[in-house]
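When a ligand or atom number is given, it counts from 1 through the structure's own listing order. Note that the coordinates shown come from a computational prediction; the quantities given were computed from them, not determined experimentally.
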Amino acid sequence: MLGLYVHVPFCSAICNYCNFNRGLFDAGLKERYVRALVREIANAGTRDQADTIYFGGGTPSLLEPSEIREIISACEAAFDLSADREVTLEANPESVDEARLRAFREAGVNRLSFGVQSFRDEELQRLSRLHTARRASEALREARAAGFDNVSLDLMMWLPGQQLSDWLESVDRSVALSPDHLSLYLLELYPNAPLKEDMARARWSQAPDEEAAAMYLAAMDRLESAGYAQYEVSNVARAGRRSRHNLKYWQDGEWLGFGCGAHSTRNGVRWKNVSSTEEYVDRVGRDEDTATDVRTLSIAERLGDALFTGLRLADGIDLTEIHGRYGVDVWSRYEAELRPFVDDGCLKLEGARLRLTREGMLIAHEVMTVFV
Ligand code: SF4
């Protein structure tokens, strides 16, 4: 079934490390944007089956619950949405309270993903985030009180000045709040990130690589002891709480993206909407195509992508399934390149399953490049 991604490019402030497609909140532009989204979704309507909607951003929780409801209704009218759909809203802790969360729930959202990043105020300030650790904890409690039984937290590791013990403090405080799902990301500093200047000025540095690896491994151990199972390089979940939407990206699935900069993959064709919010709104208003970079993938590219992304999963890749889909015996084709990783204990071939070990996940990119 299809996944539907809806991009919301507005934020209350721009974080000093952020490289996403986003801009400052503007009430007038937001209204025009929501109208454009509804129109784009209606125009794309295929009545095909879909079972997930994911509001990503930016900060989707800056939209009003009534606007979220309107967008979900547009999806219902345009697609055959399953009754047990997963509808995720990314939210920043400072942009919600219990009443607002309850209203999102009533609008049809049934999963929240909070951008917490850290439970240490000092680190949050370094990242120029608007919330405090206390606000993040409250937001999670408010989500439960509002009736959400599927809540995820994002945490970031390898922050400037962060020690292993600091990082584990955030992990432990997350576990104490008992979310259903956690995503752990490594801070990536893009070339012109303002955070880089802040770091130079304040003489903050990131810990050496080995320590980043230790942070990752220690967090995964702790989360497993607390009842979470790792199902992807950066994601853990309680039973039945994996992100069904994100699994489509890793399981060679199909999705349609709506809004500025949103990506889509369907029937072997990949495209991206125009990145600029204004241009997107204008194009939709004129009933012009919003897609750019439309590319029909060759079978070799599709296979490469399926292997590349599938290897991110803790369960790895089912080689029989890949053979059925692409007619390629992956092991015999790539054995020479993959064998050294198997010998080093980074990769395992178990029956027809090829998967990274925990150690292998530390060098996932190196292994994956074999396929592209
Ligand atoms: S809230 Fe998220 S999307 Fe917005 S600027 Fe910060 S990191 Fe970027």
Side-chain angles (χ1 to χ4, degrees), residues 5-27 29-30 33-34 37 54-64 67-68 88-97 100-101 104 109 111-140 143 151-160 162 170 174 179 181-199 204 206 234-235 243 245-246 257-263 272-273 275-278 280:
Y5 174 83
V6 181
H7 191 69
V8 182
F10 305 109
C11 291
S12 303
I14 304 301
C15 302
N16 58 10
Y17 60 91
C18 177
N19 200 15
F20 298 133
N21 188 24
R22 75 310 178 248
L24 277 178
F25 183 80
D26 169 328
L29 180 58
K30 181 205 65 169
Y33 187 76
V34 170
L37 274 176
Y54 192 102
F55 289 91
T59 310
S61 51
L62 288 179
L63 293 193
E64 290 307 314
E67 293 169 325
I68 294 289
T88 304
L89 181 82
E90 286 184 354
N92 279 351
E94 77 280 357
S95 65
V96 295
D97 56 29
R100 198 170 168 80
L101 289 170
F104 282 131
V109 176
R111 181 174 185 270
L112 290 172
S113 175
F114 281 116
V116 172
Q117 318 314 352
S118 167
F119 277 101
R120 300 185 71 246
D121 286 341
E122 189 190 7
E123 289 171 359
L124 289 167
Q125 282 160 14
R126 284 181 187 184
L127 295 174
S128 68
R129 298 292 305 208
L130 296 177
H131 64 275
T132 58
R134 186 171 166 173
R135 175 85 279 274
S137 306
E138 282 165 3
L140 205 94
V151 181
S152 179
L153 298 186
D154 281 1
L155 287 182
M156 266 182 11
M157 71 185 112
W158 210 27
L159 302 179
Q162 188 183 52
S170 282
S174 304
H181 181 285
L182 287 110
S183 302
L184 314 179
Y185 299 111
L186 217 58
L187 171 68
E188 281 183 55
L189 285 170
Y190 70 94
N192 296 320
L195 176 57
K196 272 191 149 178
E197 287 164 34
D198 296 349
M199 287 171 68
W204 300 322
Q206 284 177 296
S234 305
N235 288 280
S243 163
H245 183 83
N246 289 338
F258 301 103
C260 58
H263 292 256
K272 179 180 177 270
N273 272 353
S275 302
S276 147
T277 309
E278 290 279 2
Y280 166 78

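- With values rounded to the nearest 0.5 angstrom, Gln162 atom CD is found 8.5 Å from Met157 atom CE.
- Atom 4 (Fe) of ligand 1 has no N, O or S atom of Cys18 closer than 2.8 Å.
- Close approach to Phe20 involves these atoms of ligand 1, each under 4.0 Å from a residue heavy atom: 3 (S), 8 (Fe).
- Using a 4.0 angstrom heavy-atom cutoff, Gly58 counts as in contact with ligand 1.
- Between Glu64 and Arg100 there is a salt bridge, since at least one side-chain N of the basic residue sits less than 4.0 Å from a carboxylate O of the acidic one.
- Atom CG of Leu155 is separated from atom CZ of Phe114 by 13.0 Å, given to the nearest 0.5 angstrom.
- Ser170 is not listed as a side-chain neighbour of Met156, based on a closest heavy-atom distance of 4.5 Å or more.
- Which parts of ligand 1 touch Cys11 is read off a 4.0 Å heavy-atom cut-off, strictly below it: atoms 1 (S), 3 (S), 4 (Fe), 5 (S).
- With hydrogens and angles ignored, the 3.5 Å screen pairs a side-chain donor or acceptor of His131 with a backbone N or O of Val116.
- Near Asn92, meaning under 4.0 Å from any of its heavy atoms, are these atoms of ligand 1: 1 (S).
- Nearest to atom 2 (Fe) of ligand 1 among the protein's heavy atoms is Arg129 NH1, 4.0 Å.
- Here the protein heavy atom with the shortest distance to atom 6 (Fe) of ligand 1 is Cys15 SG, 2.3 Å.
- Relative ring orientation between Tyr5 and Tyr54 is described as parallel, the plane-to-plane angle staying below 30° on a 0-90° scale split at 30° and 60°.
- Which parts of ligand 1 touch Ala13 is read off a 4.0 Å heavy-atom cut-off, strictly below it: atoms 5 (S).
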